[in-house]
Amino acid sequence: MTTRLRYFAWVRERVGKPEEVIEAPAGVRTVGELMAWLASRGEEYAHAFENPNVIRAAIDQRHVRPDASIKEAGEIAFFPPMTGG
Amino acid sequence: MTTRLRYFAWVRERVGKPEEVIEAPAGVRTVGELMAWLASRGEEYAHAFENPNVIRAAIDQRHVRPDASIKEAGEIAFFPPMTGG
Amino acid sequence: MKATVRLQREPFDAAAVTAELTRGRTDVGAVVTFAGICRGDERGEPIAALTLEYYPGMAEAEIERHVKEAATRWPLLGVTIVHRHGRIVPGEDIVLVVTASSHREAAFAAAEFLMDYLKTRAPFWKQVETTSGKTWVDATAADDVAAARWTARRPGREAAE
Amino acid sequence: MKATVRLQREPFDAAAVTAELTRGRTDVGAVVTFAGICRGDERGEPIAALTLEYYPGMAEAEIERHVKEAATRWPLLGVTIVHRHGRIVPGEDIVLVVTASSHREAAFAAAEFLMDYLKTRAPFWKQVETTSGKTWVDATAADDVAAARWTARRPGREAAE
């Protein structure tokens, strides 16, 4: 299954790109598991996801928790806590 | 002792004048007693002060309660509950 | 803190009043503006106009005291209050409260505090003009409840204060 | 209810935006405007500018959802939100929230609710530019506490919702 990933703010800076299309292994079922798998993909990913507790995620532009299933996801985004307003 | 009285809104309309100078009897010591005495001065006053619980008072432009002493008062005002803003 | 209180018969330009408070400064992070506007109805009945009577001298003093009180409660950088009196027609502004602070919490809280006090303590009285004549607006219990929020936090204050 | 949400790079005219919401109507009795302004310092250090990054599509959707949520909680007549992105220098507006209602309580509550949500849930990220470089602003616990006020009143809501 291919999924489009998007990164924002310092997650984007650390990963080094704003978006990419990935194919996650079949065992990766949740947002939390996806972060763990991403962290294993190289130094820049390890740095971006070194503290998954502070990273927020959205599936198809809705906030989700780390235990959310990525099964139906078209687009998954990772970003730091929001600081708008 | 002479005191300047001022009336606002429907208290003014009922009394029929915006202000006057009165000489209250020596036994009239508080704002509440002054309202009772005023109510005895004629039909228009009786109407204005028929329900003293809803009338607010100020002495020298500061809100006071009915038990406030009028001894040092230069100007005493009577008016309905405020409806500004 | 920059404090401005204006009571006037004339309409005012809310945008210009708000701009005065922030122009040329970079310490303000939050500005809350409350505009109270004359509606075309009062408790369901269409109205032609409102007329506001006030107690000159006391009104200014009361409002200024409450602005000072707000400044002791919250870290404010500026407050402007404009309150009209006289005849006001539907759609026109009656009152404007502008509060400026570094952060939003103080600006919001001070604006609400000042409005609650203006509604219940500032010596203004509204009369509505309808086709059936002129009547004085009754004070509402809801406004008293709103104002009581602020004194409840300071036990021991004199009830008439 | 008239709802307008605009995300834009360009500065905006807060007065004109506010006027749009009330022009030609006489049912609005209260308008609350919140302007969030770029300060010249961030946690004590002077800054040259802020840059706001955002998630196009999600930001609009999130804000619109919260405007709808506000309209279910309070009797609102109109809401306008303008949020800038890109580079913003001290003294310029970042965000504007305008709420209109017949009565002040609803207008104040909805404006605070929307600001608390914009601060913590809308996908925007601030970066500050100082003489020592660019750094991302950390989210503050105070903003999370402020936002939690509104969910505490609706037990059972999903935490990530």
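Any value given below was found using the heavy atoms of this structure, including those in side chains, with hydrogens, waters and symmetry copies removed. All of these numbers come straight from a predicted model, not from anything done at the bench.
Put simply, the side chain of C/V98 does not reach to within 4.5 Å of the side chain of C/V82, judged on heavy atoms. No side-chain heavy atom of C/F34 sits less than 4.5 Å from a side-chain heavy atom of C/L118.
When heavy atoms are compared at a cutoff of 4.5 Å, C/A61 does not approach chain B at all. With a threshold of 4.5 angstrom between heavy atoms, B/A9 approaches chain C through its backbone and through its side chain. With a threshold of 4.5 angstrom between heavy atoms, C/Y54 approaches chain B through N, CA, C or O but not through any side-chain atom. In this structure, chain B has a heavy atom under 4.5 Å from the backbone of C/D138, while its side chain stays farther away.
The pair C/R73-C/E69 meets the salt-bridge criterion, with a side-chain N (NZ, NE, NH1 or NH2) lying under 4.0 Å from an Asp/Glu carboxylate O.
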Practice task
Go through B/R6 and B/E20 one step at a time and tell me if the salt bridge (charged side-chain N to carboxylate O under 4.0 Å, His left out) criterion holds.
Solution key: CA-CA 7 Å; B/R6 300 185 69 172; B/E20 65 182 318; over 6 Å; no

